[in-house]
> 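Please see the structure below; I have some questions.
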Amino acid sequence: MKARALRVLPVVCCALLCSSMIAIGDEDDEAADPGRRSAQPTLSSGQQRAAGIAVAHPLAAKAPERIEGLGLVLDATTLVSDMGETTTATVAEHSASAELARLRALYEGGAGASLKMLEAAQADQARAQAQAEVAAARFALRWGPLAALPMDARRKVIEASTSGRSLLLRADLPGRHTFGAGPSKAVLDVDGIQVPGRVLGILRETTELQSVGLLIEVSGAPPGLGPGARMRVAVLTAERKGLLLPRDALLYDESGAYVYKQLTRKTEAEKARYVPVKVRLLLPYGDGWLVEGVDDDDDIVVHGAGVLWSLQGVGAQQHDDD
């Protein structure tokens, strides 16, 4: 029995030695694997100053959404021509209808109007009515927002555009084929100068861009801006509310945009802890972004977020912040 125990002892020792080496290897792998680091970097006050970490509360703000588009200054003579064609066709239709009514009354009263004359008048009236309807439909297709205006307001827009006091511009929004709530304001980029415009409505006629088009009136446009000129246009929609953060506070990974939030310290001697919090980008505003996902009393890292990211390795694990 003693001899048998002596033969088994080396095998047991070898197994224990192998198990210890495997455990040591696992500990070394865990220490060397940056993906297993804590998702909450901690820094002392001195380390924060050295790394340039600065925190601040987000600011509540609201701003209109900007939709970028391409603008084309329209020729006012085309508007005058279409308007004149519509007016002429309408007058001709009224004249033909009056002549038809007159000949019908003469024919029915036996006062010298023949059936042939009455039928010819009916044909003229039908032709004039069709031409008037075509002209009205063409004007509504090309100048729908103007056709929808009251007569006085329409006349003022047309007179201002033909006299040079204002110009009409078509703004196409590439990638969009419809528009919900109609915007009321637009901004033209003319040689770096921001020129305001008034959105009259949505145009029904499409162009080669195959996108929704808006008719914009620009009063007091810079001299030299004439028909055929193209420029960038930003359409301003209804205002959206959010919290404003500087661009330096925002980071991005495969999960989306996020910021670093500094957790409240229980004591002054305690190191500051930081957790990544996912945010939703609403729209750019000035030198920052309007976002959702944080509160206005949160301490958000506005400078030095890249340092915290480097302490975690590549990427960040999102923190569910209630």
Side-chain angles (χ1 to χ4, degrees), residues 39-43 45 47-69 171 173-176 179-190 192-199 214 216 232-265 272-312 314-322:
Q40 297 184 6
T42 58
L43 297 177
S45 298
Q47 291 172 331
Q48 294 177 56
R49 290 191 297 270
I53 303 294
V55 299
H57 295 323
L59 298 177
K62 58 182 180 179
E65 183 180 3
R66 292 172 61 95
I67 302 177
E68 301 295 331
L173 309 179
R176 300 184 68 117
F179 213 96
S184 59
K185 297 180 181 179
V187 178
L188 283 64
D189 186 354
V190 183
I193 304 173
Q194 301 296 302
V195 180
R198 179 170 69 104
V199 179
L214 303 175
I216 300 175
R232 291 187 300 172
V233 179
V235 179
L236 308 181
T237 64
E239 290 185 337
R240 302 186 63 178
K241 295 181 180 179
L243 293 174
L244 180 61
L245 287 174
R247 297 179 188 270
D248 291 345
L250 297 167
L251 297 172
Y252 202 91
D253 65 4
E254 65 276 5
S255 300
Y258 65 96
V259 297
Y260 279 104
K261 172 183 174 181
Q262 179 178 286
L263 301 181
T264 303
R265 293 183 296 179
R273 292 190 300 134
Y274 303 91
V275 293
V277 178
K278 188 175 181 179
V279 295
R280 177 169 172 257
L281 302 178
L282 297 180
L283 56 96
Y285 183 68
D287 293 332
W289 277 83
L290 285 183
V291 303
E292 290 179 346
V294 293
D295 297 325
D296 56 2
D297 58 350
D298 288 341
D299 290 325
I300 304 299
V301 176
V302 294
H303 294 294
V307 176
L308 299 179
W309 172 83
S310 65
L311 294 177
Q312 288 189 175
V314 179
Q317 300 176 3
Q318 300 297 344
H319 176 73
D320 293 332
D321 181 27
D322 296 333

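Every heavy atom of this structure was used, including side-chain atoms; hydrogens, water molecules and symmetry mates were not. Owing to the predicted nature of the structure, the values given are computational and were not obtained by experimental measurement.
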> Checking side-chain contact (heavy atoms from CB on, under 4.5 Å) between Val301 and each of Leu308, Leu251, Val259, which is the one that passes?
Leu308

> Looking only at heavy atoms, which two atoms of Ala249 and Ala305 are closest? And how far apart?
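Minimum heavy-atom separation between Ala249 and Ala305: O-CB, 4.3 Å.
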
> What pairs with Asp189 under side-chain contact (heavy atoms from CB on, under 4.5 Å), at least two apart in sequence or on another chain?
Gln194, Arg232

> Taking side-chain contact (heavy atoms from CB on, under 4.5 Å) as the definition, give me every residue that meets it alongside His303, ordered by chain and number, with sequence neighbours left out.
Ala54, Asp248

> With sequence neighbours left out, what residues match Arg49 under side chain to side chain donor-acceptor pair (under 3.5 Å)?
none

> With rounding to the nearest 0.5 Å, note down the distance linking CG in Leu188 to CD1 in Ile193.
11.5 Å

> Among Val55, Leu243, Leu250, Val294, which residue satisfies the side-chain contact (heavy atoms from CB on, under 4.5 Å) criterion with Ile300?
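The single option meeting the side-chain contact (heavy atoms from CB on, under 4.5 Å) with Ile300 is Val294.
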
> To the nearest 0.5 Å, tell me how far Arg198 CZ sits from Lys185 NZ.
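The NZ atom of Lys185 is 12.5 Å from CZ of Arg198, to the nearest 0.5 Å.
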
> Sequence neighbours excluded, which residues qualify as side chain to side chain donor-acceptor pair (under 3.5 Å) partners of Arg66?
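Residues passing side chain to side chain donor-acceptor pair (under 3.5 Å) with Arg66: none at all.
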
> Looking only at non-hydrogen atoms, find the nearest pair between Ala186 and Val233 and report the distance.
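Shortest heavy-atom separation between Ala186 and Val233 comes out as CB-CG1, 4.3 Å.
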
> Who are the side chain to side chain donor-acceptor pair (under 3.5 Å) partners of Arg240, not counting sequence neighbours?
none

> List in chain and number order the residues that pass side-chain contact (heavy atoms from CB on, under 4.5 Å) with Ala51, two or more places apart in sequence or in another chain; answer none if no residue qualifies.
Ile53, Val307

> Would you say the side chain of His57 lies within less than 4.5 Å of the side chain of Asp296, judging by non-hydrogen atoms?
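Not in contact.
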
> Show the nearest heavy-atom pair for residues Leu173 and Gly69, with the distance to one decimal.
CD2-CA, 3.9 Å

> Under 3.5 Å, side chain of Lys278 to main-chain N/O of Ser255, donor-acceptor pair present?
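A pair under 3.5 Å: yes.
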
> Tyr258 and Pro276: which non-hydrogen atoms are nearest, and at how many Å?
CD1-CB, 3.7 Å

> According to side-chain contact (heavy atoms from CB on, under 4.5 Å), who are the partners of Lys241, at least two apart in sequence or on a separate chain?
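If we apply the side-chain contact (heavy atoms from CB on, under 4.5 Å) test to Lys241, skipping adjacent residues, the hits are Lys62.
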
> Side chains of residues 279-293: which donor-acceptor pairs under 3.5 Å do they make with residues two or more places apart or in other chains?
{"from": "Arg280", "atom 1": "NH1", "to": "Glu292", "atom 2": "OE1", "distance (Å)": "3.0"}

